[in-house]
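Because the structure is a prediction, the values reported are computed rather than measured. Heavy atoms only: backbone and side chains are in, while hydrogens, waters and symmetry mates are out. First listed ligand is number 1; within each ligand, the first listed atom is number 1.
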Amino acid sequence: MKNTLLLFTLLTLAVSSHAQKFEGLAQTPPMGWNSWNKFACNIDETIIRGIADRMVETGLRDAGYVYINLDDCWHGQRDSLGFITADPVKFPSGIKALSDYVHSKGLKLGIYSDAGRTTCGGRPGSFGHEYQDAITYARWGIDYLKYDWCATDNINPVGAYQLMRDALRAAGRPILFSMCEWGHSKPWIWAKETGHLWRTTGDIYNCFDCVDDHGSWKAFGVMQILDMQEGLRQYAGPGHWNDPDMLEVGNGMAVNQDRAHFSMWCMLAAPLILGNDIRNMSQETKDILMNKDVIAVNQDVLGIQGLKAEAKNGVEVWFKPLVNGDWACCILNRNKEAVNYDLIWQRFNLDDEVSGRSTEFYKIIYTVQNLWTKKPEGTTAKNLRLSIPAQDVVMVRLSPKVKK
Ligand code: GLA
């Protein structure tokens, strides 16, 4: 009896010492806004409050964008006991007051730190302060943590991210854990139980098809990042997403490029984290970010990342399985000229091993709804004749109509 009790106690201890990430926080890809792509280190509480206000006034919050995420450079120093503080000049009211404000608007607040000694912007990192920082974030009412990977020489990524996951768990407040390790150690293979999303690449920047070489590191355009997602789709699903980095929509690319970028991120079931100044955005930017039919493809409850079915002469045909037997189909023209493309459905009788779904165009006729023009495009009984502008997409939703 004594032995059984001892064994039971040991087993319980063993189970409870293995902390879990908080479940249920990202059943669909998270949606929100982050300060980095537009503001870099130039953030302060006035900007962030203004962003929160506009998130509500523009309808973005009601379209699903609920996280307001501070990126790098919100930090001040650590206090004499090692607790992190906010920059007293940029955030004089403190993060708790900001969090109360953001919550009062029906939004959530995210924060940023780094597994190393400093952040990428040279602010204090969480190394050696993981539990302290997790408690601080929980006390401030933080809902989302982006955890970066600068200044991590000789640190093991698996251990470092598990440590922060365990610290967040111990602090008790459900905080979504966004891992920003740039894909170096292939986190998609080991991080399902650790984080809710993991960056798959280095940083994005606002160019459609280019690489920005900084010598020791590179930033990548939208097409480069898209190509780096190859082979990763089987690792994504509800609660654990591939993160191809935040959106650059509204940051200077042409409208067609922005539309293609947004559409592809939706096909990839990527987190939709806005990176533009939503206080001043054009109607065109707003129309892209708030297209509810395209967002619905991203937020589909099945959480299956899309697949590239064909790539030829700069034209790619992507499919994404959706609920109720539906599919999204996105035809991407990467060329700098418009192209005509005939979509012959019968060439895409796919058997998707990841989802177990098949398009079965030989058996099922689908209605075709254009998600950008909002026009019905007939059914899959007829081929779709398309003219796709340069660096743009045609995106449609297929819904089963009749089974032959
Ligand atoms: C890294 C990250 C970026 C951003 C910056 C901040 O480069 O990948 O997304 O957070 O750091 O310094």
Participant: Just jot down the ligand 1 atoms closer than 4.0 angstrom to any heavy atom of G121, in number order.
Facilitator: 12 (O)
Participant: If hydrogens are left out, which of D148, D245, N34 has an atom nearest to atom 1 (C) of ligand 1, that is, the closest non-hydrogen atom?
Facilitator: D148
Participant: Go through ligand 1 atom by atom and flag the ones less than 4.0 Å from a non-hydrogen atom of R199.
Facilitator: 8 (O), 9 (O)
Participant: Any heavy atom of W217 sitting closer than 4.0 Å to ligand 1?
Facilitator: no
Participant: Is it the case that R357 places NZ or CZ above or below the six-membered ring of W327, under 6.0 angstrom from the centre and within 45 degrees of the axis?
Facilitator: yes
Participant: Return the residue, atom name and 0.1 Å-rounded distance of the protein heavy atom closest to atom 10 (O) of ligand 1.
Facilitator: D71 OD1, 2.7 Å
Participant: Check each atom of ligand 1 against the heavy atoms of C180 and keep those under 4.0 Å away; list them by number with element.
Facilitator: 2 (C), 8 (O)
Participant: Can you report which non-hydrogen protein atom sits closest to atom 9 (O) of ligand 1, along with the distance?
Facilitator: K146 NZ, 2.8 Å
Participant: Strictly distance-based, threshold 3.5 Å: is any side-chain N or O of R173 a donor or acceptor partner for the main-chain N or O of I142?
Facilitator: yes
Participant: Tell me whether W36 has any N or O atom under 3.5 angstrom from an N or O of ligand 1.
Facilitator: no
Participant: Could you tell me if the ring centre of Y161 sits under 6.0 Å from that of Y147?
Facilitator: yes
Participant: For atom 7 (O) of ligand 1, what is the closest protein heavy atom, and at what distance to 0.1 Å?
Facilitator: D203 OD2, 2.7 Å
Participant: Ignoring hydrogens, what is the shortest heavy-atom contact between R165 and T194? Give both atom names and the distance.
Facilitator: CG-O, 3.6 Å
Participant: Please determine whether the number of non-hydrogen atoms from other residues, nucleotides or ligands lying under 6.0 Å from atom CG of D213 exceeds 12.
Facilitator: yes
Participant: How many angstroms lie between atom OG of S263 and atom CG of N291, to the nearest 0.5 angstrom?
Facilitator: 8.0 Å
Participant: Can you name the nearest heavy-atom pair linking K374 to Q369, along with the distance?
Facilitator: O-NE2, 2.9 Å
Participant: For Y112, state whether at least one heavy atom is located under 4.0 Å from any atom of ligand 1.
Facilitator: yes
Participant: Quick one: nearest non-hydrogen protein atom to atom 12 (O) of ligand 1, plus distance?
Facilitator: D72 OD2, 2.7 Å
Participant: If I take atom OH from residue Y341 and atom CG from residue L332, how far apart are they, to the nearest 0.5 angstrom?
Facilitator: 11.5 Å
